[in-house]
2 protein chains.
Amino acid sequence: MIQEQQTGHNGVDENIRFKPVKTKRAFEEVCDQIRLAILEGRLEAGDKLPAERQLAESLDVSRATVREAFRTLEIAGVLSLRKGVNGGAVVMQGDARPITQTISDLLSLGGLSLSDYMEARVCLQREVIKLACERGEEADFQALEANIDATEKLTTVAQIEDRTALTIEFYHLLAAATKNQAMSILMSAVTEPLGYYIKQIGVDRSWNVAESRQRFVAHLRDRNAPEAEKEMMSHMERLHSYMLQRAQEAANNRG
Amino acid sequence: MIQEQQTGHNGVDENIRFKPVKTKRAFEEVCDQIRLAILEGRLEAGDKLPAERQLAESLDVSRATVREAFRTLEIAGVLSLRKGVNGGAVVMQGDARPITQTISDLLSLGGLSLSDYMEARVCLQREVIKLACERGEEADFQALEANIDATEKLTTVAQIEDRTALTIEFYHLLAAATKNQAMSILMSAVTEPLGYYIKQIGVDRSWNVAESRQRFVAHLRDRNAPEAEKEMMSHMERLHSYMLQRAQEAANNRG
DNA sequence: CTTGTGTATTGGTCTGATCATTTAATGATT
DNA sequence: AATCATTAAATGATCAGACCAATACACAAG
């Protein structure tokens, strides 16, 4: 049963690398064709693809196959499917949600530990702060302050959902101040899954977040990256240790 | 056509917020149920779901609907579908590929600019270097050096594909040295799309990358993060300006 | 011009069948 | 007894054709 190591005695397996055989399924082929068309510029955002029935005939596959391909690309944020006359599959500009979804899935499936996740969040945040300090405009700072004000107004327990949404928005606004779309996307992807945990374990009410955030924004406005970073880091450290602790408690209760 | 602002004259639209109606499709409902089961721990990695035919009956939907749900979760890396006896849908630990795919899609669709993308890559790289300097072990450094050696051996034009693969692997190995799964995932997601561009526009052959990488690894081994960062940054700056230039040329040729 | 009413188009779902692949059970061969 | 080829059953992959449901546009009514 033990496969003998091929050590070159037949002369051709030193440099030849075999790739595992993977027969492609029909819907994957359709996906690839569409993605290739986009990559090569034959399709671009806003273009409408043929109707399912028509495309199925063109590609000589069943409608179900086209549907699975469309579904795949819809989930990926590449296509948008709309019903009705003048509906159909339209090419989008792409969507960051799949990234967020994947992070959430990895967290709930155990493919990613909470502590690794949160450390990465801190790392990203550091870079976001640097850029935001450099490029943030007055409008960005005002948006952040408006967000803090709005959050302070929501104090009742019933409003925890809205409060959480505002907290997440705070990080979005901060990321937007970097003027870098990629940083915004990554920061969102890494922030939104927090919402679930916050809802789950509640917030640490022993501590007023608003003050810390106000100081933070003031540092941003001063273009004082080190101080802004320090302020944010102490906040995040507190949040993360609180979350890890609560997660640990929950695990103990289960086990 | 201008909608009159509702200013409370009918008394009930001040505090009531309406959410847009969004009728969920059947397959989405199935997806949600499976994801919820995972989140609540009723399903976990390794578990096998009922066969399509059986689950369709349980949920009182058609097989096609179950299929679209399974397909969605398979693409997301949550499920693995296997044919044959004892096949079926098995829950996985999650997969980072959807993130990479999404970044690629965003790039090719124009939802993300090449320069924003590359800047984010630099930012992430900085953090990766910090952590790798802190936590990298001798085995990590040796793996990096082995990678550099292997890359140097591939010099012919025909081997550019393998060369590119090794370059991408270099960044994976570096990310692995952080001992942080999330950083590895993000770095991979942001590195792999490079492969396409490198294949497309070729490499800058006027410059020996291996030397730079060797110096870089030496700094890592010395735990000298600032110098390692400096070395890597100069490399990336060169690479990125080269890529932007070539991308610009390509755009000019098209337009 | 506005408003309501059809109506054709298109994605969403269902039913039911066949194909292809994989594994396990079976049986023949050594 | 061990090994190998054969067969059978389970399961995903695909196909075919039908109907449902939402949508936008044309058109009639007021």
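Numbered from 1 within each chain, the chains take letters A, B, ... in sequence-line order.
In this structure, a donor-acceptor pair under 3.5 Å is present between the side chains of N180(A) and E119(B). Looking only at atom types and distance, the side chain of N147(A) has a donor-acceptor partner in the side chain of E169(A) under 3.5 Å away.
The stretch residues 86-96 of chain B participates, sequence neighbours left out, in these salt bridge (Lys or Arg N to Asp or Glu O under 4.0 Å) pairs: D95(B)-R97(B). Within the structure, no pair that satisfies the salt bridge (Lys or Arg N to Asp or Glu O under 4.0 Å) test touches residues 82-91 of chain B, not counting sequence neighbours. Applying the side chain to side chain donor-acceptor pair (under 3.5 Å) definition to pairs two or more places apart or across chains, those involving residues 38-51 of chain B are E40(B)-R42(B).
An OP1 or OP2 oxygen of dG11(C) is reached within less than 4.0 angstrom by no side-chain nitrogen or oxygen of R82(A).
A salt bridge links R25(A) to E74(B): one of the charged nitrogens lies within less than 4.0 Å of a carboxylate oxygen. Salt-bridge check for D116(B) with K179(A): failed, with every basic side-chain N at 4.0 Å or more from each acidic carboxylate O.
If you measure from atom CG of L59(B) to atom C1' of dT13(C), you get 14 Å, rounded to the nearest angstrom. The CZ atom of F27(B) sits 12 Å away from the P atom of dC14(C) (whole-angstrom rounding). Taking atom NZ of residue K83(A) and atom P of nucleotide dG11(C), one finds them 11 Å apart after rounding to whole Å. Atom pair R53(A):CZ and dT9(C):P shows a separation of 11 Å (rounding to whole Å applied).
Residue whose closest nucleotide on DNA chain D sits further toward the 5' end, between G88(B) and V61(A): G88(B). Toward the 5' end of DNA chain C, the nearer of the two residues T23(A) and V85(A), judged by each one's closest nucleotide, is V85(A). With the nearest nucleotide of DNA chain D identified for both G84(A) and S62(A), S62(A) has the one nearer the 5' end.
Remark: side-chain polar atoms of T65(A) are not paired, donor with acceptor, to backbone N or O of V61(A) under 3.5 angstrom.
Taken residue by residue, residues 63-81 of chain A places heavy atoms nearer than 4.0 Å to DNA chain D at R63(A), T65(A).
Interface limits on DNA chain D: the 5'-most and 3'-most nucleotides within less than 4.0 Å of chain A heavy atoms are dA13(D) to dC25(D).
With sequence neighbours left out, the side chain to side chain donor-acceptor pair (under 3.5 Å) criterion links E57(A) to no other residue.
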